[in-house]
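Have a look at the structure below, then the notes.
We name chains A, B, ... by the order of the sequence lines, and we start the count at 1 in each one. All values below come from the heavy atoms of this structure, side chains included, with hydrogens, waters and symmetry mates left out.
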There are 2 protein chains.
Amino acid sequence: MQRYRQLQIKLTPQRLAILSYLNGNKTHPSAEDIYKAVKKQFPTMSFATVYNTLEALKNRGGVMELKIDDKRKRYDPDSTKHHHFICTKCRSIVDIFKDYKLSLPDELKKGFDVTGNSIEFYGTCRKCKKGSEQ
Amino acid sequence: MQRYRQLQIKLTPQRLAILSYLNGNKTHPSAEDIYKAVKKQFPTMSFATVYNTLEALKNRGGVMELKIDDKRKRYDPDSTKHHHFICTKCRSIVDIFKDYKLSLPDELKKGFDVTGNSIEFYGTCRKCKKGSEQ
DNA sequence: GAGTTATTTTAGAATTATTCTCAGTTGATA
DNA sequence: TATCAACTGAGAATAATTCTAAAATAACTC
Ligand SMILES: [Mn+2]
Ligand SMILES: [Mn+2]
Ligand SMILES: [Zn+2]
Ligand SMILES: [Zn+2]
């Protein structure tokens, strides 16, 4: 809990609740998911607080913003390098920990300064596969 | 021009203008980019027509929807398999044609049905690199 | 512990991208 | 040339996110 102190943000009860919800969370929740979960403990919690906190965390590397879902942003408290599998049916997002060491040949990167990459694998998750079977 | 006929959509002047704007376009435009460009020829063009046409094209593989930009959807008339480089400063998106043959080990994909993948390379484009130099 | 203050919270309004509505129009087919 | 399902377009509706500003408070100082 006290490792949140290193984030250099004012530790309010609302923020601690958000951090606690995010800690170890592998569901890649949306802002609304977070809002709903934390509102149970803090009925006065507002969306602005969720977004403000996510913004503060983002700036400090405490959370990553995923652009994977076309409807809403998703947040990932694990900011170590990894990739994702996305189920196109239920929108669930699953971590893929594997370093692919992708290199971009000079003739393709024409002067770009490449600082990173991320891979998205698409398909159907096990649950949705089962569900669609006859 | 007549190859648009194979798309099986009613060919209206508005749609032809959109198709002509998209044809060979490598800028990965947003709906607004398309709207603004086509409105020059069709002052009565509406956003609904742009979105309707993009939806029809999407369903027929005539255009791909990119979730790369966190502000708005981007559209790619090239639906052949390729990846992208995204400049985090100016948001420009550049095609990367290279087949990386990414395989997902069984122990990682746990029953998923993986149908495809896409890679995003991040960094600074040549123009933005120059611009930020002293 | 009390005082100070910059930061944060919150309800609600504002913004923005996208989707919807529906009345009028039109491309495609026969 | 007549028919009609599909399309257009102005504007309204929706939904995610951001903004506003007044009240509250964490953290720092004494
Ligand atoms: Mn993840
Ligand atoms: Mn492309
Ligand atoms: Zn699924
Ligand atoms: Zn750039």
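- The side chain of B:M45 lies closest to D:dG9 when the candidates are D:dG9, D:dA26, D:dT8.
- Within the 4.5 Å cutoff, no side-chain heavy atoms of B:H84 are placed close to those of B:I96.
- Within residues 46-73 of chain B, the residues that place at least one heavy atom under 4.0 Å from DNA chain C are, in residue-number order, B:A48, B:Y51, B:K71, B:R72, B:K73.
- Here A:Q14 does not reach the OP1 or OP2 of C:dT8: none of its side-chain N or O atoms lies under 4.0 Å away.
- The phosphate of C:dG27 has neither OP1 nor OP2 within less than 4.0 Å of any side-chain N or O from B:T12.
- Residues B:Y21 and B:D33 meet the side-chain proximity criterion, which asks for heavy atoms closer than 4.5 Å.
- Using a 4.5 Å heavy-atom cutoff, the side chains of B:D76 and B:E65 are not in contact.
- Summarising the geometry, the separation between CG on A:L16 and P on C:dT9 is reported as 10 Å, rounded to the nearest angstrom.
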Close N/O contacts between protein and nucleotides 1-5 of chain C (under 3.5 Å):
none

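- An OP1 or OP2 oxygen of C:dG27 is reached within less than 4.0 angstrom by no side-chain nitrogen or oxygen of B:R15.
- Contact annotation: B:T44 side-chain N/O to D:dG9 OP1/OP2 distance is under 4.0 Å.
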Could you go through nucleotides 12-14 of chain D and list every protein N or O atom that sits under 3.5 Å from one of its N or O atoms, giving the distance for each pair?
none

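- Here B:D70 pairs with B:R91 in a salt bridge; the nearest charged N to carboxylate O distance falls below 4.0 Å.
- Within 4.0 Å of B:P43, counting heavy atoms only, lies no atom of the nucleic acid at all.
- Each of C:dT8, D:dT17, C:dT10 was ranked by its minimum atom distance to the side chain of A:A31; first place goes to D:dT17.
- Taking atom NZ of B:K39 as the reference point, atom C1' of D:dA10 lies 10 Å away to the nearest angstrom.
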